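Here is the structure we will look at.
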Amino acid sequence: ALFVFDCDGVITNPESEEVQRSIIYQIASIMKKGHDVAFNTARPSDWFEFKVLRPLESAVDDHQLLENHLFCYADMGAMYALYRERELLW
């Protein structure tokens with residue numbers, strides 16, 4: 001299965017713009033079950049990296065999950081992020 005998430009109001013509090021950590025851990029759990037996860041946000045890539053991707057890195061035990069099950073689009077779809085050899089690439 002593929003789970004697709006927007007950031008604003010879905011995994012973040014719209015007023016504070018803070019990521020809800022419990023949701024990050026739920027998303028990590030989805031990936032651990034072998035499902036694919038995609039994010040599509042209009043937010044800038046640097047915001048997305050530090051508010052969403054870095055916490056998600058901490059929430060997964062196996063970095064291969066990020067390489068094999070994660071698809072990310074930021075800056076209104078203009079930027080694509082992927083993981084290769086434990087490194088985030090834009």
Side-chain angles (χ1 to χ4, degrees):
L2 170 64
F3 293 82
V4 182
F5 298 95
D6 186 15
C7 290
D8 291 327
V10 178
I11 64 168
T12 61
N13 178 319
E15 292 177 14
S16 69
E17 298 183 1
E18 291 302 314
V19 174
Q20 298 177 40
R21 299 290 180 183
S22 61
I23 293 176
I24 292 293
Y25 284 101
Q26 290 173 344
I27 292 170
S29 177
I30 289 168
M31 294 171 66
K32 289 175 185 177
K33 293 176 183 174
H35 300 294
D36 293 331
V37 170
F39 291 99
N40 186 25
T41 183
R43 292 280 185 169
S45 56
D46 59 342
W47 181 95
F48 181 67
E49 178 178 344
F50 292 103
K51 295 281 189 170
V52 179
L53 294 181
R54 298 302 179 192
L56 186 58
E57 287 175 11
S58 299
V60 298
D61 302 327
D62 181 1
H63 210 274
Q64 286 293 105
L65 293 172
L66 299 172
E67 293 187 19
N68 297 328
H69 295 286
L70 185 63
F71 306 90
C72 305
Y73 298 88
D75 287 317
M76 297 196 304
M79 297 290 290
Y80 174 69
L82 65 131
Y83 284 86
R84 290 294 176 257
E85 298 179 12
R86 303 185 65 88
E87 184 177 342
L88 175 63
L89 305 172
W90 285 100

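Computed from a predicted structure; not experimentally measured. Only this structure's heavy atoms are used, side chains among them; waters, hydrogens and symmetry mates stay out.
- Applying the salt bridge (charged side-chain N to carboxylate O under 4.0 Å, His left out) test to pairs two or more places apart or on separate chains, those with a residue in residues 60-75 are Lys32-Asp61.
- For the atom pair SG of Cys72 and CZ of Phe5, the computed distance is 11.5 Å after rounding to the nearest 0.5 Å.
- Scanning both residues, Ala28 and Val60, for their nearest heavy atoms gives CB-CG1, 3.8 Å.
- When the side-chain hydrogen bond (donor to acceptor under 3.5 Å, both in side chains) test is applied to Asp36, the partners found at least two apart in sequence or on another chain are His69.
- Here the OG1 atom belonging to Thr41 is positioned 8.0 Å from the CD1 atom belonging to Ile11, to the nearest 0.5 angstrom.
- Under the 4.5 Å side-chain heavy-atom criterion for grouping Ile, Leu, Val, Met, Phe, Trp and Tyr, Val19 is not connected to Tyr25 through any hydrophobic cluster.
- Atoms CG and CG, from Leu53 and Leu66 in turn, are 8.5 Å apart once rounded to the nearest 0.5 Å.
- In the hydrophobic clustering of ILVMFWY residues, with side-chain heavy atoms under 4.5 Å counting as a link, Leu88 and Trp47 come out together.
- For Glu17, the salt bridge (charged side-chain N to carboxylate O under 4.0 Å, His left out) criterion is met by Arg43, not counting sequence neighbours.
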Next on the checklist: One pair to check against side-chain contact (heavy atoms from CB on, under 4.5 Å): Val52 and Ile24. What are the steps and the verdict?
Outcome noted: CA-CA 8 Å; Val52 179; Ile24 292 293; 4.2 Å; yes
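- Trp90 is linked by a side-chain hydrogen bond (donor to acceptor under 3.5 Å, both in side chains) to Glu49, counting only residues two or more places apart in sequence or in another chain.
- Thr12 approaches Asp8 most closely through the heavy-atom pair OG1-CA, 3.4 Å.
- As a member of the Ile/Leu/Val/Met/Phe/Trp/Tyr network built from side-chain separations under 4.5 Å, Val4 groups with Leu2.
- Annotation: side-chain hydrogen bond (donor to acceptor under 3.5 Å, both in side chains) contacts of Tyr83 (sequence neighbours excluded): Glu57.
- Remark: His63 NE2 to Glu87 CD distance equals 9.5 Å, nearest 0.5 Å.
- Listed by chain and number, the residues in a ring pair (Phe, Tyr, Trp, His ring centres under 6.0 Å) with Phe3 are His35 (sequence neighbours excluded).
- Listed by chain and residue number, nothing satisfies the salt bridge (charged side-chain N to carboxylate O under 4.0 Å, His left out) test with Arg21 (two or more places apart in sequence, or in another chain).
- Listed here is the closest heavy atom pair of Met31 and Val37: CG-CG2, 3.4 Å.
- Of all heavy-atom pairs between Asp6 and Asn40, the closest is OD1-O, 3.0 Å.
- Partners of Phe48 under the ring pair (Phe, Tyr, Trp, His ring centres under 6.0 Å) rule, at least two apart in sequence or in another chain, are Phe39.
- Distance check, rounded to the nearest 0.5 Å: CD1 of Ile27 to CG of Leu65 gives 13.5 Å.
- For Glu18, the side-chain hydrogen bond (donor to acceptor under 3.5 Å, both in side chains) test picks out Lys51, with sequence neighbours left out.
- Looking at residues two or more places apart in sequence or on another chain, you find a side-chain contact (heavy atoms from CB on, under 4.5 Å) between Phe50 and Arg54.
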